[in-house]
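Contents: one structure, followed by commentary.
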Protein chains: 4
Amino acid sequence: MSSSTTQRRRGDTRQRIQDVALELFVEQGYEKTSLREIAERLEVTKAALYYHFKTKEDIIVSVFEDLTRPIDELIAWAEAQPPTLETKREVLRRYSESMGAGASLFRFMQENQATMRELTIGETMKDWMSQLVELLRTQDGPLTDQVRCVSALFTLHAGMMYLQHVDGDPEETRLAALEVATDLITQAHHAA
Amino acid sequence: MSSSTTQRRRGDTRQRIQDVALELFVEQGYEKTSLREIAERLEVTKAALYYHFKTKEDIIVSVFEDLTRPIDELIAWAEAQPPTLETKREVLRRYSESMGAGASLFRFMQENQATMRELTIGETMKDWMSQLVELLRTQDGPLTDQVRCVSALFTLHAGMMYLQHVDGDPEETRLAALEVATDLITQAHHAA
Amino acid sequence: MSSSTTQRRRGDTRQRIQDVALELFVEQGYEKTSLREIAERLEVTKAALYYHFKTKEDIIVSVFEDLTRPIDELIAWAEAQPPTLETKREVLRRYSESMGAGASLFRFMQENQATMRELTIGETMKDWMSQLVELLRTQDGPLTDQVRCVSALFTLHAGMMYLQHVDGDPEETRLAALEVATDLITQAHHAA
Amino acid sequence: MSSSTTQRRRGDTRQRIQDVALELFVEQGYEKTSLREIAERLEVTKAALYYHFKTKEDIIVSVFEDLTRPIDELIAWAEAQPPTLETKREVLRRYSESMGAGASLFRFMQENQATMRELTIGETMKDWMSQLVELLRTQDGPLTDQVRCVSALFTLHAGMMYLQHVDGDPEETRLAALEVATDLITQAHHAA
DNA sequence: GATGAATGAGAGTTCATTCAT
DNA sequence: AATGAATGAACTCTCATTCAT
């Protein structure tokens, strides 16, 4: 009995809401996903969502808080390191890994930037994009090298979003993207 | 009298709707922009919008049709050329230029991908992304080189979106991005 | 040239509006038919309709005026006759004939009574129904006979509306309905 | 306190919507009745209607489902009987009775046929009209007799709709109509 | 004899949110 | 921990109608 679906669901409703919400947000975008839809898919009422979360925005904020912790930690760690090339490589390596884990969250971010901007988390996200760029870029180097640093970041994103279905193995693709990104950052570093 | 605001506006309402709509869509996203808002900013009624466009989607579709023509032409041209490195460089050069012109449209596309996917134009857009990648990528080369081609495209986008406010002169930034992109494609080409 | 479609249409726009309007009103009902639809089918603008008719209601009123004249005349004629059985038979005969001619109008009336009631013509129509009943019914006869008179009228209607597609020849059906109606009225008459 | 208006209304809102809706639909027709009107008369918001019914059409469908059950049962019963004259008489008798009960629904049907046709229930209704005719009519008899069967049905309708205000007692009128209808069917039966 | 452009009113519908139970 | 019932605000869209040209 304790393993019946109903039983297993006891107590983890909050988690299930987050899961289903992210799923739908990724599928359809934030605004086009209604609380009714989320509730229906969970077979609970809308009011139940409000027991667990104060607002719709709260749901997505909570998902972000859980899934972006690795990035926050990465940034914190990197800021404590000396700005060597090796550090930068490690940043890319770990960032790429995080993306593998929270892939759908990243996809959501990528595809819903307009929405994010209005949400409080928008700032958060923009913040770490800037911080990451700051960590990677060769200060005071030529403009092209600064572009390379940003491009390295975007290459990782592109690797996740646009190359996944093109080729076979997702992991292989991720590694290829990481290699290209590392390459870019290395070029930028040597030029300086 | 013939130069009064009302007079000057005669006959260009359709154009003005497109302009204001794009402006707001870029600012706030497609779904968060209501027809009421557009109408109010134009000082006409909602019904007037419906005189000129059949639906809300129609408005954005028409804006796209006007502003993406350069890209369509670019693709058509490139497909008729031999797939040399020089052709590829020219593609990037012209693509970068188009983005300078229709900058806000590109920003809209970038930031509203989730929305676009549901819209009919979503397909169109995805189509030309694929076609561009196809034109640029070194067929049958190593995976990393394929990544480089996609990355080149994304570098141009990144140059437009994320580096504009960072540095001073937008045009200079655009050119730097173009240089990096060209670099990437050249590497990919030589390796093959 | 004078026989080109455009040429032939000159001057009979008013008539064409009436035709198309009736056609659509019958097909879809009065409220569900919009002036846009009528205009589109005629390949003119809505404003053109307003050149010929003051309001939407005006269109249908004008159609009625044209097509119900035979009925008005029938009533006028009947009122001048002695109320013999033969007169009554003649009334049914001519009413049945009118229905054959203005069939679609009758169908419209039958199917849009709720609408008619709000329209000014609603009264008109109700009026002649009462007048016809008055002409047919055997005053002061038993209730059943009064029912028979109304029923005779309805039989004609039923013959037009519900039996048309059931059997082959519409004309044959009409005549059968007329026969039954005449029968009913005869019974009612003899009883008195 | 527990008998205050607000209290009493708890839980029967759905029913109240159906009642008020039918009332207004009968009064004004389906299309001319807006949800705003229904809501206002109930002193709730439009949104409350949508809590109980998915669409406007849904409201009327639900009313139909409730009120046409007697007819469905009548048809089912009749189909199980031998097609004797006595059965047919019983069908008319019970049909006439049903009409007394759901009188307003019948009036609505009669006066909004154009609307019904577009609604899903239109088919339902047409179906039972055909089934009733099928049950009553003397197969392979002369055309006039078939007309008589349909006419019998219409006589009942006419008795309800057009004779109610003419004479005093509605019940008396209904019985008179039933008598005439039975007469018609008997004639048709004997001829065969 | 007709059009192009617009309006005001209102339709049906959906949303995030609330609150007593 | 969750529901049933409801709200208010907003939405996209359609309609009959007007009027200068």
Side-chain angles (χ1 to χ4, degrees), chain A residues 9-14 17 31-39 42-59, chain B residues 6-7 9-14 17 31-39 42-59, chain C residues 9-14 17 31-39 42-59, chain D residues 6-7 9-14 17 31-39 42-59:
Chain A
R9 280 178 177 175
R10 274 271 173 74
D12 61 342
T13 306
R14 202 189 133 92
I17 293 174
E31 354 255 353
K32 295 200 61 160
T33 303
S34 68
L35 295 185
R36 182 181 51 69
E37 241 175 320
I38 298 174
L42 285 166
E43 294 178 288
V44 296
T45 53
K46 273 185 289 171
L49 306 184
Y50 278 89
Y51 177 80
H52 293 283
F53 298 95
K54 268 179 57 154
T55 64
K56 186 186 180 186
E57 188 170 346
D58 235 51
I59 298 180
Chain B
T6 324
Q7 289 295 317
R9 281 178 177 177
R10 275 276 166 66
D12 62 339
T13 306
R14 201 189 133 94
I17 293 172
E31 355 254 352
K32 294 201 61 159
T33 303
S34 70
L35 296 183
R36 181 182 51 71
E37 242 175 320
I38 298 175
L42 285 167
E43 293 179 290
V44 295
T45 55
K46 275 183 290 166
L49 306 184
Y50 279 91
Y51 176 75
H52 293 283
F53 298 94
K54 269 173 58 139
T55 61
K56 186 185 180 186
E57 186 170 346
D58 233 51
I59 298 179
Chain C
R9 279 178 178 175
R10 275 268 173 73
D12 62 342
T13 306
R14 202 189 132 93
I17 293 172
E31 355 255 353
K32 294 201 61 158
T33 303
S34 67
L35 296 184
R36 180 180 52 68
E37 242 174 320
I38 297 175
L42 285 167
E43 294 178 288
V44 296
T45 54
K46 271 184 291 170
L49 305 184
Y50 279 89
Y51 177 81
H52 293 283
F53 298 95
K54 269 180 55 159
T55 64
K56 186 185 180 185
E57 187 169 346
D58 235 51
I59 298 179
Chain D
T6 324
Q7 289 297 316
R9 281 178 177 175
R10 277 273 168 69
D12 63 339
T13 307
R14 201 189 134 94
I17 294 172
E31 356 254 355
K32 295 201 61 161
T33 303
S34 68
L35 296 184
R36 182 183 51 71
E37 242 175 319
I38 298 175
L42 284 167
E43 293 178 290
V44 295
T45 56
K46 273 186 292 168
L49 306 184
Y50 278 91
Y51 176 76
H52 294 282
F53 298 94
K54 267 174 62 139
T55 61
K56 187 186 180 185
E57 187 169 345
D58 233 52
I59 297 180

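Just so we're clear, the structure is a prediction, and the values are computed from it rather than from any experiment. In what follows, every chain begins at residue 1, and chains take the letters A, B, ... in the order their sequences are listed.
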When you check the phosphate oxygens OP1 and OP2 of F/dC15, does a side-chain N or O of C/R36 lie under 4.0 Å from one of them? yes

Pick the closest DNA chain F nucleotide for D/Y51 and for D/A48 by heavy atoms, then say which residue is nearer the 5' end. D/Y51

Please state whether the phosphate of E/dA2, meaning OP1 or OP2, lies under 4.0 angstrom from any side-chain nitrogen or oxygen of C/T13. yes

Heavy-atom nearest nucleotide on DNA chain E for D/E31 versus C/V44: which residue maps closer to 5'? C/V44

Rounded to whole Å, please give me the gap between CG in C/D58 and C1' in F/dA16. 13 Å

Nucleotide of F/dA16, E/dC15, E/dT18 approaching C/S34 most closely (side-chain heavy atoms): F/dA16

Write down the partner of F/dA9 under the Watson-Crick or G-U wobble criteria, each distance required to be under 3.5 Å. E/dT14

Closest-nucleotide ordering on DNA chain F, the 5'-leading residue of C/E57 and B/K32: B/K32

B/E43 CD - E/dT7 C1' separation (whole Å): 15 Å

Contact summary for B/Y50 and B/T55, nearest pair of heavy atoms: CE2-CA, 4.1 Å

Could you give the OH-to-P distance, from D/Y50 to F/dA10, as a whole number of Å? 19 Å

For the side chain of D/H52, counting heavy atoms from C-beta on, which of F/dA6, E/dA2, E/dA11 is nearest? F/dA6

Which nucleotide sits closest to the side chain of A/T45: E/dT13, F/dT3, F/dC13? F/dT3

Could you tell me the separation between the CZ atom of B/F53 and the P atom of F/dT12, rounded to a whole number of Å? 15 Å

If you compare all heavy atoms of B/H52 against all heavy atoms of B/R14, which two are closest, and at what distance to 0.1 Å? O-NH1, 3.6 Å

Is there a Watson-Crick or G-U wobble partner for F/dA1 with both distances under 3.5 Å, and if so, which one is it? none

Of all heavy-atom pairs between D/K56 and D/T33, which one has the smallest distance, and what is that distance? NZ-O, 2.9 Å

CG of D/L49 versus P of E/dA11: gap in Å, rounded? 12 Å

In this structure, how many angstroms lie between the P atom of F/dT7 and the CG atom of D/L42, rounded? 10 Å

B/A47 has a side chain; which of F/dA6, F/dC13, E/dT7 sits nearest to it? E/dT7

From the options E/dT17, F/dA16, E/dT13, select the nucleotide whose nearest atom is closest to the side chain of A/K46. E/dT17

Minimum-distance pair of heavy atoms, taken over all atoms of D/E37 and D/K32: OE1-O, 3.6 Å

Closest nucleotide among E/dT17, E/dT13, F/dT12 to the D/L35 side chain: E/dT13

Tell me which of D/E37 and B/R14 sits closer to the 5' end of DNA chain E, going by the nucleotide each one is nearest to. B/R14

Using atom CD1 of A/I38 as one end and atom P of E/dT14 as the other, report the distance to the nearest whole Å. 17 Å

Strictly below 4.0 Å: does C/T55 bring a side-chain N or O up to OP1 or OP2 of F/dA16? no

If you go through the side-chain atoms of C/K56, does one of them form a donor-acceptor pair with the base of F/dT17 closer than 3.5 Å? no

Could you tell me which non-hydrogen atom of B/L49 sits nearest to which non-hydrogen atom of B/L35, and how far apart they are? CD1-O, 3.6 Å

Identify the heavy atoms of A/T45 and A/A39 that sit nearest to each other, and give their distance. C-CB, 3.8 Å

